[in-house]
Amino acid sequence: RWDLRELPLSLINRIGLKILKFICNNICAVAHANSERLSYINSKYEKKLSNSLVINNFVPKNVFISKKRNLKLKKFTILIQSPTDPGRYFKNSIHALKKISNINVIVNGFVPHELKTFASINLSKHKQQKIDFIGNIDPDKIFQLIDNVHCSIILYNKKSLNNEFCAPN
């Protein structure tokens, strides 16, 4: 089993492509996150991978049909995830959020001191806003955290093919 979550851009040269073809032709199946990623990989081969399948990363419908949550929050609470990747536009999110009054912002993930200072200065001095940096939390507890906020922000840019073809959770 090989989990190809990232496009093998470093392998897309003559030697790397031969290695990738050998691997893909000697395993039972190659799963792709969406049809666009499969099309891209197939465009790099002389012939299509015959053992490919697409497993879309769609949210199950019952997630949206679930009963109304009883949040015990006094203020509207927003979760920002994985803020330090430049493609996640953390500063842009903070600039947008400072226009909203009476909110709490929770930041999940590592945040360097200079970004914490930037966010704290921009949010805390405006309209009764509060920001909490909770660091990295156990992946098993992320759903519990998401269930206890009003919304979550995860931004992507399209500067790399991995982000262009990503299938966010």
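Throughout, residue positions are numbered sequentially from 1 according to the sequence presented.
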Exercise for review: Can you measure from CD1 (Ile94) to CG (Asn122) and round to the nearest 0.5 angstrom?
Suggested key: 7.5 Å
Point to revise | Fellow cluster residues of Val54, listed by chain then number, with links counted only when side-chain atoms sit under 4.5 Å apart | key: Leu38
Exercise for review: Specify whether Phe118 and His95 have parallel, tilted or perpendicular ring planes, treating 30° as the upper limit for parallel and 60° as the lower limit for perpendicular.
Suggested key: perpendicular
**Study point:** side chain to side chain donor-acceptor pair (under 3.5 Å) involving Ser39 - partner list, sequence neighbours excluded
**Key:** none
Practice item. Quick one: list whatever passes side-chain contact (heavy atoms from CB on, under 4.5 Å) with Phe110, sequence neighbours left out. Key: Thr84, Pro112, Asn136
**Study point:** Verdict with reasoning, Val107 to Lys116, per side chain to side chain contact (heavy atoms under 4.5 Å, CB included)
**Key:** CA-CA 10 Å; Val107 182; Lys116 283 183 181 180; over 6 Å; no
Revision key, fill the gap. Residues at least two apart in sequence or cross-chain that pass side-chain contact (heavy atoms from CB on, under 4.5 Å) with Ser93, listed by chain then number, are Ile80, Ile153, Leu155
Point to revise | Euclidean distance, Ile142 CD1 relative to Gln81 CD, rounded to 0.5 Å | key: 4.0 Å
Review point. Which heavy atom in Leu53 sits nearest to a heavy atom in Ala29, and how many Å separate them?
Key: CD2-CB, 3.5 Å
Exercise for review: Carefully, step by step, assess Asn148 and Thr77 under the rule side chain to side chain contact (heavy atoms under 4.5 Å, CB included).
Suggested key: CA-CA 8 Å; Asn148 287 290; Thr77 303; over 6 Å; no
Practice item. Output all residues satisfying side-chain contact (heavy atoms from CB on, under 4.5 Å) with Asp138, sequence neighbours left out; order by chain, then residue number. Key: Asp140, Lys141
Check your understanding: What distance separates Phe76 CZ from Asn104 CG, expressed to the nearest 0.5 Å?
Key -> 10.5 Å
Practice item. Please round to the nearest 0.5 Å and tell me the distance separating atom CG of Leu145 and atom CG of Leu79. Key: 5.0 Å
Point to revise | Results of side chain to side chain donor-acceptor pair (under 3.5 Å) for Ser52 - residues two or more places apart only | key: His32
Practice item. Report the distance from atom CD1 of Ile137 to atom CD1 of Ile106, rounding to the nearest 0.5 Å. Key: 9.5 Å
**Study point:** Full working for side chain to side chain contact (heavy atoms under 4.5 Å, CB included) between Lys75 and Ile103
**Key:** CA-CA 5 Å; Lys75 291 183 179 182; Ile103 62 169; 5.6 Å; no
Review point. When you look at CD of Gln144, are more than 12 heavy atoms from neighbouring residues, nucleotides or ligands closer to it than 6.0 Å?
Key: no
**Study point:** Gap separating the CD1 atom of Ile131 from the CD1 atom of Ile78, nearest 0.5 angstrom
**Key:** 10.5 Å
